[in-house]
Amino acid sequence: MQKGDHLFLVDGSAYIFRAYHALPPLTRKSDGLPVGAVSGFCNMLWKLVEEARETAVGVAPTHFAVIFDYSSTTFRNALYDGYKANREAPPEDLIPQFPLIREAVRAFDLPCIEKEGYEADDLIATYACHAVAAGGEVTIVSSDKDLMQLVGPQVILYDQMKDKRLGPEEVKEKFGVYPEKMIDLQALVGDTSDNVPGVPGIGPKTAAQLLDEYGDLETLLARASEIKQAKRRENLIQFADQARLSKKLVTLDCSTPLDTPLDELFVHEPDGEKLIAFLKAMEFTSLTRRVSTKLGLEASSVEAAPVATTGALRGPDFDGATKPAQFVTAATSSLLPLSPVAHAAAVLEGAKPAPFDRSTYVTIRDVETLEAWMDEAREAGILAFDIETNSLFANMADLVGVSFATAPGRAAYVPLAHASAATTGDLWDEKGADDSVGPQIPLDVALSILKPVLEDPAVLKIGQNFKFDCLVMSRYGVTIAPFDDTMLISYALDASSSLEGHGMDELSERFLGHKPISYKELCGSGKGQVAIAHCAIDKVTEYAAEDADVTLRLWKTLKPRLAGEGLTAVYERLERPLLPVLMRMEARGIRVDRDILSRLSARFSQKAAALEEEIAELAGERFNPGSPKQIAEILFGKLGLPGGKKTKTGQWSTDAKVLEELALSGNPIARHIVDWRQLTKLKGTYTDALPAYMDGEGRIHTSYSMASTTTGRLSSSEPNLQNIPVRTEEGRAIRTAFIAPPGKKLLSADYSQIELRILAHVADIPQLKTAFQEGLDIHAMTASEMFGVPVEGMPSEIRRRAKAINFGIVYGISAFGLSNQLSIPREEAGAYIRRYFERFPGIRDYMDEAKAFCREHGYVETLFGRRAHYPDIRHSNASVRAALERAAINAPIQGTAADIIRRAMIRMEDALAEARLSARMLLQVHDELIFEVEEDEIEATIPVVKRVMEEAALPAVELSVPLEVEARAADNWDEAH
DNA sequence: TACAGATCTTA
DNA sequence: GTAAGATCTGTAC
């Protein structure tokens with residue numbers, strides 16, 4: 001090698017994992033051998049070899065090598081036995097591909113380098129050092145940060161996926177230090193994936209800053225006592241040796257003995273036939289075509305190479321690459337002494353239920369088989385059940401098929417309404433369809449077999465997000481009972497703001513370590529999406545049966561935790577019984593007057609158009625008032641108005657608050673933009689959008705989510721009927737479109753001040769409790785306590801401020817927030833809060849207790865035992881921590897209110913039935929319930945509804961303040977509210 | 001086509 | 001200052 005030469009070093013092991021994860025899983029050769037990663041690997045390698053000159057690297061290699069990890073034990077394990085100890089085993093279907101990938105490299109006629117006792121990174125470092133010494137240049141094909149220490153004037157990293165080259169400047173940009181200091185930075189930061197410890201509490205940002213200030217690791221450790229931040233100083237002193245060890249672990253070894261000298265890595269013409277023979281054997285048709293075209297060979301004249309495709313080819317090389325000791329397989333374990341811990345782990349691994357195997361799932365196409373499965377369900381007493389439909393709207397979804405599982409791994413799919421693969425708009429499709437998809441049990445026959453089991457009191461049905469399935473099935477005359485819902489179990493256990501969610505795919509990955517086939521993988525997404533009824537039935541079987549299988553396994557994992565963690569009552573009293581109630585509310589829907597909405601749309605659109613003219617006039621040009629960016633350009637740029645605050649992306653904010661202030665200082669354009677926004681918002685979000693959700697009877701069916709808030713509140717979507725406008729007159733007009741059918745009225749019943757009442761109870765504030773008991777004006781009373789002003793003749797501004805403080809308290813008040821809300825200086829807001837705490841010291845005690853409880857347990861509780869988890873409550877960033885503390889203060893209050901209205905809803909239907917009333921509950925808006933009531937039953941219904949709501953906390957909790965409910969009936973929601 | 005950000009609606 | 005969801009713009013893929 002000499003000056004001008006260019007060496008490419010491909011980090012083969014990293015390449016494999018990128019190829020594996022970049023490609024859709026389960027790519028198999030015709031004999032069933034998984035080859036997805038091999039395919040991705042070959043494509044990437046070919047692309048790199050062929051197109052290096054056109055990439056960001058810009059030169060073609062003169063020397064080339066692909067380098068792999070060989071074994072798990074290296075000199076680093078001698079330094080630190082925890083090294084790479086928490087690496088997970090490679091995916092099952094990837095393992096047989098490791099040897100094939102080495103075959104692939106040889107087929108490309110490229111050197112395939114690996115060495116026992118050394119990691120790929122050390123080999124790469126050594127070759128790079130040799131090449132630099134010889135005056136050559138080096139491109140390392142990898143984006144691994146561990147390799148960044150090698151970057152220098154002659155060495156760059158190349159990220160092929162992103163086609164980006166990383167030189168010293170890019171490293172500096174990414175990590176804040178130049179490559180020479182990467183080792184020190186890594187030593188401080190550590191690396192979770194390799195189990196390099198580093199120094200606790202130091203991340204990349206802090207490490208870069210420290211190295212910038214002190215120069216290098218040793219100097220930093222020597223002068224650690226000078227550091228101001230107490231925690232950081234302590235850690236650097238305490239963990240100095242750990243940092244030194246980490247440094248040794250991350251430092252790459254440039255003196256690896258090389259079996260293949262650098263000069264032998266020179267590039268030569270590949271043996272085209274050998275390569276094509278391999279690619280053909282792998283059945284990579286398009287790559288075979290590309291390669292043969294490029295090399296000017298006729299692919300058909302080359303015979304596929306015999307490639308060993310069994311496990312026999314598994315060499316000693318690959319499993320060590322990532323497998324930690326405790327996953328050593330039976331075959332090798334006899335050679336290695338297992339520690340007791342590793343042994344226990346191996347035993348536990350063996351006790352795990354059968355791994356997921358989609359090939360065992362059954363497609364049921366005849367009555368006898370279906371009956372046999374139902375017998376099995378009766379025998380087992382449990383049945384995980386899932387449906388596939390043609391719509392996500394449960395009120396209009398039709399069944400396409402059903403799946404179920406009776407035991408882990410034992411699952412089946414029953415196609416019921418599949419049609420042939422879609423060709424667009426062909427009239428013959430519908431008739432010819434059934435022939436090409438094979439036999440299906442007629443829907444009514446299948447239902448007659450399923451129904452007795454789904455309704456059998458001795459068979460527990462298990463679903464995931466079961467409200468959807470129950471609702472659809474109810475439209476087929478099936479009332480599923482008894483049941484459990486894994487989504488609700490998970491929610492009762494783990495409602496948390498930082499945990500992702502309670503969807504099946506997430507739960508499966510979290511609790512079963514298994515990634516199910518996603519809907520997207522089955523049906524595609526966006527324009528390419530296909531109806532499930534048109535997907536191949538064998539694919540749908542894998543997908544649908546897997547969902548049932550996963551649901552069953554989740555239930556087995558999660559259900560026992562309820563009792564273990566004392567959450568059975570929450571699940572059985574607040575979650576599960578609400579599901580059928582909400583299901584019926586969604587099924588009923590609420591009547592909406594289409595004409596009212598369209599008249600409002602016309603009115604809003606006319607007014608908005610007029611405003612748009614005036615805005616253009618005032619601005620001197622036309623622009624889009626819907627674009628905050630353009631507004632900022634016009635107002636703060638062209639017109640030179642003073643900007644207020646900035647958004648987090650650095651743009652000038654143009655929110656209503658900023659514009660209101662500009663309007664007050666005499667800028668009519670700001671006022672007009674605010675008004676325009678309001679009108680277009682009302683039109684776009686409500687009057688235009690709502691009619692699209694109406695069904696044939698003029699009713700809208702929202703969907704309630706029982707598991708998407710941290711506090712226990714419900715949420716409503718498609719459409720969201722919990723944010724229908726009420727504050728402005730124009731907005732309120734939208735509520736007049738929500739009506740009752742002839743002969744009926746809408747009844748609205750809402751809790752008055754429920755959260756403040758709960759606060760008065762839990763924080764035990766005598767003045768507040770008395771005020772509520774005596775039915776006083778709570779905000780006026782607060783103002784009077786705080787400012788010493790008599791309630792009689794109190795200025796409205798004083799009361800308004802007290803009201804804002806009361807709300808703020810419930811939200812975990814901060815001076816910043818209150819000053820924002822009231823548009824007063826931060827100091828003044830702070831003074832208010834101090835005075836509030838002086839007058840009501842119990843409030844501060846409550847807040848401190850909530851925070852302390854949360855710090856200790858990681859969660860807070862409502863009066864009914866519902867938990868909201870805040871695992872990051874001890875976050876080191878003070879403002880993040882403060883935000884979590886506010887949430888932890890608010891959650892028990894908001895959550896208790898949510899629990900109370902849930903209890904009311906659960907009891908409501910029986911109470912109405914017992915009173916022989918026909919009122920139907922339609923909507924819930926956090927502290928309000930909306931009913932449809934026969935006109936002549938209104939008088940009788942109101943007291944029943946009020947009683948159920950006001951007594952909803954009893955007998956579990958006896959509040960020391962009364963709950964009050966206001967109820968009113970009218971022709972539309974506006975007047976009833 | 002998909003996603004994040006800004007804004008606005010509710011309790 | 002709490003808890004949500006929808007729409008539109010603008011940009012990245």
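Numbered from 1 within each chain, the chains take letters A, B, ... in sequence-line order.
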Touch check for [X], heavy atoms < 4.0 angstrom, all strands: base, sugar-phosphate only, or nothing?
X: A/Ser708; result: sugar-phosphate
X: A/Glu928; result: nothing
X: A/Val925; result: sugar-phosphate
X: A/Ser705; result: nothing
X: A/Ala804; result: base
X: A/Gln678; result: sugar-phosphate
X: A/Ala656; result: sugar-phosphate

Once you round it to whole Å, what is the distance between [atom2] of [N] and [atom1] of [X]?
X: A/Ile758; N: B/dA11; atom1: CD1; atom2: P; answer: 17 Å
X: A/Tyr751; N: B/dA11; atom1: OH; atom2: C1'; answer: 14 Å
X: A/Tyr693; N: C/dA6; atom1: OH; atom2: C1'; answer: 8 Å
X: A/Arg886; N: C/dT2; atom1: CZ; atom2: P; answer: 5 Å
X: A/Tyr686; N: B/dT7; atom1: OH; atom2: P; answer: 17 Å
X: A/Arg732; N: B/dT10; atom1: CZ; atom2: P; answer: 10 Å
X: A/Gln894; N: B/dT10; atom1: CD; atom2: P; answer: 17 Å
X: A/Leu756; N: C/dT2; atom1: CG; atom2: P; answer: 17 Å

Among [options], which is the nearest nucleotide to the side chain of [X]?
X: A/Arg677; options: C/dT2, C/dA3, B/dT7; answer: B/dT7
X: A/Ala689; options: B/dA11, C/dT7, B/dC8; answer: C/dT7
X: A/Arg735; options: C/dT9, B/dG5, B/dT10; answer: B/dT10
X: A/Lys629; options: B/dA11, C/dG10, B/dA6; answer: C/dG10
X: A/Asp655; options: B/dA11, C/dA3, B/dC8; answer: B/dC8
X: A/Lys681; options: C/dT11, B/dC8, C/dT2; answer: B/dC8
X: A/Thr709; options: C/dT2, C/dA4, B/dA6; answer: C/dA4

For this session: Check each of A/Leu714, A/Leu578, A/Leu579, A/Leu721 against A/Tyr704 using the side-chain contact (heavy atoms from CB on, under 4.5 Å) test, and report the only one that passes.
Result: A/Leu714
Seminar exercise, completed: Partner of A/Ser601 under side-chain contact (heavy atoms from CB on, under 4.5 Å), picked from A/Leu682, A/Ile596, A/Thr687, is A/Thr687
Problem set entry | Sidechain N-carboxylate O distance under 4.0 Å for A/Glu730, A/Lys681 | no
Problem set entry | Pair A/Arg835 + A/Glu838, salt bridge at N-O below 4.0 Å | no
Exercise. Regarding A/Ser705 and A/Arg713, is there a side-chain donor-to-acceptor distance under 3.5 Å anywhere?
Worked result: no
Problem set entry | Verdict with reasoning, A/Phe837 to A/Tyr832, per ring-ring contact (aromatic ring centres under 6.0 Å, His included) | CA-CA 9 Å; A/Phe837 285 154; A/Tyr832 283 176; over 10 Å; no
Problem set entry | Mutual orientation of the aromatic rings belonging to A/Tyr859 and A/His869 [parallel < 30°, tilted 30-60°, perpendicular > 60°] | tilted
Exercise. Which of residues 717-727 of chain A sit near DNA chain B, with a heavy atom under 4.0 Å from it?
Worked result: A/Gln722, A/Asn723, A/Ile724, A/Pro725, A/Val726, A/Arg727
Problem set entry | Check: A/His701 and A/Asp695 side chains under 4.5 Å, non-hydrogen atoms | yes
Exercise. Do the side-chain N or O atoms of A/Thr649 get closer than 4.0 angstrom to the phosphate oxygens (OP1, OP2) of B/dA6?
Worked result: yes
For this session: Please determine if a side-chain N or O atom of A/Thr654 lies less than 4.0 Å away from the OP1 or OP2 oxygen of B/dA6.
Result: no
Problem set entry | DNA chain C: 5'-proximal contact among A/Thr710 and A/Ser627 (nearest heavy atom) | A/Thr710
